[in-house]
Asks: 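The structure's right below; bear with me while I get my questions together.
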Amino acid sequence: MTAPHLAIVGPTASGKSALALEVACAFGDVEIVSIDSMQVYRGLDIGTAKPTPAERAAVPHHLVDVADPGDEWSVARFQREARVAIADIERRGHRALLVGGTGLYVQAVIDPLAIPPEDRAVRDALLARTATPVGLAAAYDALQRADPAAAARIEPGNARRVARALEVLEITGRPFSSFGAGLQEFGPPVFPVRIAGVWLPRPVLNDRIERRFALMRAAGLVDEVRGLAGRGALSRTARQAIGYREVLAHLDGEMPVVDDAFAAAVVRTRQFARRQRMWFRRDPRIRWFGASGNPCSILPALLASWSA
RNA sequence: GGCCGGGUAGCUCAGUCGGCAGAGCACGCGCCUGAAAAGCGCGGGGUCACCGGAUCGACGCCGGUCCCGGCCA
C-alpha cells in the first residue's frame, strides 16, 4: 500500500498549476495528472494555460496532449486514460498529484462512477428531436414514464441531459438511473487521496483572469487559433474551449473587433469559475486553503498538511 | 444657426388609442454521470434625459431646456 495520492482542485486561474509544481519539487516522488478537459488537446497550448515544455521536463505530466484537436473527447475516455496513468505511476512507486478544474472529471477519476455507454448517432437524433420546446417536452414526458428517477434529477429544460438519458435507455435497454445515484453522493474514493481546494477572493480571481487573458493575447493566442483553424477542423468539443471559441468567432468575422472577442472570453471565464466554485463546494472531502492574494502563499500550509 | 432622428435596466434596444414598464446580454443565486471550458433553472435591478403644462391618471400628449447622431447653412 503506497502513500495516498494527492489532488489540487479549484477554479481556473487560481494558481493550481504553479502550486502543483512546487509540491512536486518539494516531495520528489509525485507525478502530475492534469484533470483538464482542454489540456488534453495537442495544439491548444496558450489558451489552455498548458504547462510549458520546461515544466513538463521538470515534473512528469499526464493527460496533457493526448488527443488530436479533431477528436471528440469525453469523460469516459478521460476516466479510462487517467486510471491507466495513475496505475502506471503507482507501479513506479510514485504518487499521483491530480491537478485541475474540471469537476466532473475529478469525480470520474476518484469516484466509482459507472459511465453508461454511448452512441453519438442515437444522441444526435435525439437532440434534433428535442431542439424545439414541443419536442423537448415530449421527450421529457417519455423519460418521466420510462425512468422517473432520472427525470427527477434532470431539469425539463435541459435538452442535453434529457437526450443523454434517453440515449442510454435506447441503446442499453436499462434506465439511466440504474447506472448510479448521480453525483450527490460523496463516498470513499476508489483510491486513497487527499484533496486540497484553492480558494481566492473573487475580486482577486477576476483580476487574475483578466491579466491572464492579456498575457495569452500577447503570447500569440490569435495566431495559435488561426493556425489550428487553418490546419483542419477542430472538433465540436475542442472548439468550445474558452478563448478559442471567441477568437474563432472573430476570425470568422462574426465578431469584427478582437477586443470584443477577448472581453467575451473574460466574461465566460468568470462564469466558468463560478460554476467550478459551485461544483467543488459541495464535495465535503475537499480541504480548502485560502489566500488573500498570491496563491503560492498557501504552499507551506499545504505541504504541512500533506506531510502529516 | 436651421431641419430631421434619438435620449427607457450596467450594455444593446423594444414598447403602450395615455391606465402602476419589457427582452437579450451582463450581474447575483443555484443545479449537474459519456460535449462539462458543455448544458440548464431561478433572481435583483429602471425618479422611462430635465423642467413646466393640460388630464382622474403621462414613459407616452403640449411647451421649453440640455445632451448625442445625421443632413443643410
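As a basis for the values below, the full set of heavy atoms in this structure was taken, side chains included, without hydrogen atoms, waters or symmetry mates. Lettering of chains follows the sequences in order, A, B, ..., and the numbering in each one begins at 1.
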Asks: Could you check whether Glu155(A) gets within reach of a base, just the sugar-phosphate, or nothing at all, counting any heavy atom under 4.0 Å?
Replies: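 Contact class for Glu155(A): base.
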Asks: Select one nucleotide: of A36(B), A35(B), A37(B), the one nearest the side-chain heavy atoms of Arg160(A).
Replies: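 Between A36(B), A35(B), A37(B), the one nearest the side chain of Arg160(A) would be A35(B).
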Asks: Donor-acceptor check, side chain of Arg208(A) to backbone of Ala13(A), threshold 3.5 angstrom: yes or no?
Replies: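 It does hold such a pair.
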Asks: Could you give the CG-to-P distance, from Leu63(A) to A37(B), as a whole number of Å?
Replies: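 Interatomic distance, CG of Leu63(A) to P of A37(B): 14 Å.
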Asks: Toss me the dot-bracket line for RNA chain B: Watson-Crick and G-U wobble, both under 3.5 Å, 5' to 3', using | for pairs to another strand and [ ] for crossers.
Replies: (((((((..((((.....[..)))).(((((.......))))).....(((((..]....)))))))))))).
Asks: When you compare the side chain of Ser74(A) with that of Glu72(A), does any pair of heavy atoms fall below 4.5 Å?
Replies: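 Side-chain contact under 4.5 Å: no.
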Asks: Could you tell me whether Gly243(A) contacts a base, only the sugar-phosphate backbone, or nothing, with contacts defined as non-hydrogen atoms closer than 4.0 Å?
Replies: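 The residue Gly243(A) makes no contact with any strand.
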Asks: Given His62(A), which of Glu31(A), Arg56(A), Glu81(A) fulfils the side chain to side chain donor-acceptor pair (under 3.5 Å) condition?
Replies: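 That would be Glu31(A); it is the only one of Glu31(A), Arg56(A), Glu81(A) passing the side chain to side chain donor-acceptor pair (under 3.5 Å) with His62(A).
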Asks: Between the protein and nucleotides 9-13 of chain B, which nitrogen or oxygen pairs come in under 3.5 angstrom?
Replies:
none

Asks: Of the nucleotides A35(B), A37(B), C29(B), which has the atom closest to the Arg268(A) side chain?
Replies: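 Of A35(B), A37(B), C29(B), A37(B) is nearest to the side chain of Arg268(A).
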Asks: Students often get this wrong, so: under 4.0 angstrom with heavy atoms, is Ile209(A) touching a base, only sugar-phosphate, or nothing?
Replies: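 No contact.
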Asks: Can you tell me how far P of C32(B) sits from CZ of Arg274(A), to the nearest Å?
Replies: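 Value for this atom pair: 13 Å.
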Asks: Given the P atoms of C66(B) and C29(B), what is the spacing between them in whole Å?
Replies: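 Here C66(B) and C29(B) have their P atoms 44 Å from each other.
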Asks: Checking Asp147(A) side chain against Ser177(A) main chain: does a donor-acceptor pair fall under 3.5 Å?
Replies: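 Pair found, side chain donor or acceptor close to backbone of Ser177(A).
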Asks: Given atom CG of Asp111(A) and atom C1' of A36(B), what is their separation to the nearest angstrom?
Replies: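 Distance, rounded to whole Å: 16 Å.
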Asks: How many whole angstroms separate atom CG of Leu113(A) from atom C1' of C32(B)?
Replies: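 Spelled out: CG on Leu113(A) to C1' on C32(B) is 11 Å.
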Asks: Calculate the interatomic distance between Met278(A) atom CE and G39(B) atom C1'; express it in whole Å.
Replies: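 Distance check: Met278(A) CE to G39(B) C1' gives 17 Å.
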Asks: Quick test of your reading: applying side-chain hydrogen bond (donor to acceptor under 3.5 Å, both in side chains), list the pairs with at least one residue in residues 288-308 of chain A, sequence neighbours left out, ordered by first then second residue.
Replies: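 The answer is Arg287(A)-Ser305(A).
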Asks: Write down the distance separating the P atoms in G45(B) and A21(B), rounded off to the nearest Å.
Replies: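 Straight-line distance between the two P atoms is 13 Å.
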Asks: Taking the minimum atom-to-atom distance to the side chain of Trp279(A), which one of A37(B), A36(B), A26(B) wins?
Replies: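 Per side-chain heavy atoms of Trp279(A), the pick is A36(B).
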Asks: With a 4.5 Å limit on heavy-atom distance, are the side chains of Tyr140(A) and Thr130(A) in contact?
Replies: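 No, their side chains stay 4.5 Å or more apart.
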Asks: Write down the distance between CZ (Arg202(A)) and C1' (C27(B)), rounded to a whole number of angstrom.
Replies: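 So the two atoms are 10 Å apart, to the nearest Å.
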Asks: How far, in whole Å, is G46(B) from C31(B) if one measures between their P atoms?
Replies: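 Their P atoms lie roughly 28 Å apart.
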Asks: Please tell me which of the listed nucleotides, A26(B), C29(B), A36(B), lies nearest to the side chain of Val267(A)?
Replies: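 Minimum distance to the Val267(A) side chain belongs to A26(B).
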Asks: Which part of the nucleic acid does Phe78(A) contact within heavy-atom distance under 4.0 Å: base, sugar-phosphate only, or nothing?
Replies: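 If one applies the 4.0 Å heavy-atom cut-off, Phe78(A) turns out to touch nothing in the nucleic acid.
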Asks: How far does the C1' atom of A54(B) sit from the matching atom of C11(B), given to the nearest Å?
Replies: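 Comparing C1' positions in A54(B) and C11(B) gives a spacing of 36 Å.
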Asks: Please state the C1' separation for the pair C27(B) and C62(B) - nearest whole angstrom.
Replies: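 Result for the C1' pair: 40 Å, nearest Å.
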Asks: Using a 4.0 Å heavy-atom cut-off, does Val168(A) contact any base of the nucleic acid, only the sugar-phosphate backbone, or nothing at all?
Replies: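 Nothing, no heavy atom under 4.0 Å.
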Asks: To the nearest Å, give me how far apart CG (Asp36(A)) and C1' (A38(B)) are.
Replies: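 The answer, rounded to whole Å, is 14 Å.
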Asks: Among the nucleotides C32(B), G39(B), A37(B), which one has an atom lying closest to any side-chain atom of Arg282(A)?
Replies: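 Selected nucleotide: C32(B).
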Asks: Remember a base hit wins even if backbone is also touched, and classify Arg77(A) as base, sugar-phosphate or nothing at under 4.0 Å, heavy atoms.
Replies: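 If one applies the 4.0 Å heavy-atom cut-off, Arg77(A) turns out to touch nothing in the nucleic acid.
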Asks: When all nucleic acid strands are considered with a 4.0 Å heavy-atom cut-off, which category describes Pro117(A): base, sugar-phosphate, or nothing?
Replies: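 If one applies the 4.0 Å heavy-atom cut-off, Pro117(A) turns out to touch a base.
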Asks: Please check the phosphate of A35(B) (OP1 and OP2 only) for any side-chain N or O of Ser74(A) closer than 4.0 Å.
Replies: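 No.
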Asks: Between CD1 of Ile298(A) and CH2 of Trp199(A), what distance do you get to the nearest 0.5 Å?
Replies: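 It comes to 10.0 Å.
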